[in-house]
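In what follows, a structure is listed as structure tokens, so that the remarks can point back to it.
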Amino acid sequence: MLSRRFYQRPTVDVARDLLGKVLVRTSRGGLVAVRLTEVEAYLGPDDPACHTFGGLRTPRVDSMWGAAGHAYVYLVYGMHHCLNLVTVGRESGEAVLLRGGVPIVGTPLVRARRGVSVADSSLCDGPGKLCQALAVTRDDDGHDLCGRRSRIYLVDDGVEVLEADVRRGPRIGVDYAGEAARWPLRFRYRA
DNA sequence: TCTAGGATCGGCT
DNA sequence: GCCGATCCTAGAT
């Protein structure tokens, strides 16, 4: 399990290093593990695309102001959940959005949650799909990924992600953020 | 209270 | 490529 130290670093570094790491989710239904292939960095109060922009403090974003290594889960478009990992430290308001991955353990359970007719390549290729595949909801908001009994955590299984396989680009769906929408804070891993 | 709009997805053309 | 679903959240009134 990755320690809190991993998250207590600059958000862009954490985002880059999350590529290739394995996200593990345990539940009554069983264990699911997903190798992360797409993430986005959100840089706190000075980032117009970030939910903590301008120092915003509301019940929804409360967990984003918490300690590094905790989950921030919110609902978008009234129907999809998005999972973020808080970075840097308490009061930073920064996080990494997990946008996609590939199931490597528990694929049958993922398929049961996502739908039997869904193509393998589409099981977790989107933030909403990832949460559905892992059964992550608002109930998991504020969950500590570094605890002894964490039901969501990260593992480094030794897979090396070469720089040549990392693509950087603008973040998705944040056109309202003006110039910040073009900041190259989206990271993708193409093995 | 009321209202606008969203860090998306899947079905349809 | 376009569009509707769906409802919570934040800010305005």
Side-chain angles (χ1 to χ4, degrees), chain A residues 7 10-19 21 23 25 32 34 36-66 68 70-88 92-103 110-143 145 152 154 166-189:
Chain A
Y7 306 94
T11 304
V12 168
D13 295 345
V14 176
R16 160 64 181 82
D17 292 343
L18 278 171
L19 296 178
K21 297 296 188 294
L23 177 66
R25 160 65 157 180
V32 170
V34 172
L36 296 175
T37 57
E38 184 179 349
V39 302
E40 284 176 357
Y42 285 84
L43 306 183
D46 298 324
D47 176 0
C50 187
H51 287 174
T52 55
F53 179 58
L56 185 72
R57 283 177 186 273
T58 59
R60 178 178 68 149
V61 301
D62 188 58
S63 58
M64 211 171 165
W65 291 105
H70 286 250
Y72 166 50
V73 182
Y74 67 93
L75 188 68
V76 271
Y77 300 113
M79 57 181 83
H80 301 295
H81 291 278
C82 291
L83 170 61
N84 303 252
L85 308 182
V86 179
T87 54
V88 186
S92 70
E94 300 189 35
V96 176
L97 168 67
L98 307 185
R99 288 191 58 89
V102 178
V110 168
R111 187 165 286 290
R113 288 167 173 162
R114 290 277 298 119
V116 289
S117 61
V118 175
D120 282 355
S121 60
S122 301
L123 287 172
C124 299
D125 64 336
K129 298 177 187 179
L130 184 64
C131 284
Q132 189 182 10
L134 300 183
V136 168
T137 68
R138 259 310 253 175
D139 291 342
D140 299 299
D141 183 54
H143 187 68
L145 279 76
I152 303 171
L154 282 166
V166 175
R167 304 294 151 91
R168 279 185 79 156
R171 291 173 292 185
I172 300 296
V174 294
D175 289 346
Y176 60 85
E179 184 198 341
R182 296 195 293 276
W183 295 351
L185 297 177
R186 179 186 186 207
F187 295 81
R188 277 177 298 168
Y189 169 40

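Just so it is clear, the structure is predicted and the values come from calculations on it, not from any experiment. Chain identifiers are assigned alphabetically (A, B, ...) following the order of the sequence lines, protein sequences preceding nucleic acid strands; residue numbering begins at 1 within each chain.
- Rounded to an integer number of Å, the gap from CG of A:L98 to C1' of B:dT8 is 15 Å.
- A:R111 contributes a side-chain N or O that, together with a main-chain N or O of A:V116, makes up a donor-acceptor pair within less than 3.5 Å.
- Ring-to-base geometry places A:Y42 in a stacked arrangement with B:dA7 (centre distance under 5.5 Å, plane angle under 30°).
- The two atoms that bring A:D47 and A:A180 nearest to each other are OD1-CB, 4.0 Å, heavy atoms only.
- Looking at the side chain of A:L75, the nearest of the listed nucleotides B:dA7, C:dC8, B:dT8 is C:dC8.
- Between the OH atom of A:Y77 and the C1' atom of C:dC3 there is a distance of 13 Å, rounded to whole Å.
- Base pairing in DNA chain B gives the following stems of 3 or more Watson-Crick or G-U pairs, range against range and under 3.5 Å: B:1-6 with C:7-12, B:8-12 with C:1-5.
- What separates CG of A:D175 from C1' of B:dA7 is a distance of 11 Å, to the nearest Å.
- We find the OH-CZ distance between A:Y74 and A:R138 to be 11.0 Å, quoted to the nearest 0.5 Å.
- Mapping A:H80 and A:L56 onto DNA chain C by nearest heavy atom places A:H80 closer to the 5' end of the strand.
- Under the 3.5 Å distance criterion, the side-chain polar atoms of A:R25 are matched with a main-chain donor or acceptor of A:A135.
- In terms of phosphate contacts, A:Y72 brings no side-chain nitrogen or oxygen within less than 4.0 Å of OP1 or OP2 of B:dA7.
- The base of B:dA7 sits within donor-acceptor range of the side chain of A:Y74, with an N or O pair under 3.5 Å.
- Rounded to whole Å, atom P of C:dC8 lies 19 Å from atom CG of A:D62.
- Atom pair A:R182:CZ and B:dA7:C1' shows a separation of 18 Å (rounding to whole Å applied).
- B:dA7 atom C1' lies 8 Å from atom CG of A:N84, rounded to whole Å.
- Here A:A49 lies in heavy-atom contact (under 4.0 Å) with a base.
- A:D17 and A:K21 are not joined by a salt bridge, as no carboxylate oxygen comes within less than 4.0 angstrom of a charged side-chain nitrogen.
- Atom CE of A:M79 and atom P of B:dG11 are 13 Å apart (whole Å).
- Although no hydrogens or angles enter the test, the distance criterion places a donor-acceptor pair under 3.5 Å between the side chain of A:D141 and the main chain of A:V73.
- In the set B:dT8, C:dA10, B:dG10, the nucleotide with an atom closest to the side chain of A:R114 is B:dG10.
- Between the C1' atom of B:dG6 and the CZ atom of A:R171 lies a distance of 15 Å, rounded to the nearest Å.
- Closest of all the heavy-atom pairs between A:R60 and A:Y72 is O-CE1, 3.3 Å.
- The minimum heavy-atom distance linking A:S92 with A:P45 is given by the pair O-CD, 3.4 Å.
- Side-chain atoms of A:R114 come within 3.5 Å of backbone atoms of A:S122 as a donor-acceptor pair (strictly under, hydrogens ignored).
- Comparing atom distances between the A:R60 side chain and each of C:dG11, C:dT9, C:dT6 picks out C:dT9 as nearest.
- Neither side chain, A:R113 nor A:Q132, offers a donor N or O lying under 3.5 Å from an acceptor on the other.
- Taking every heavy atom of residues 125-142 of chain A and every atom of DNA chain B, pairs under 4.0 Å involve A:G126, A:P127, A:G128, A:K129, by number.
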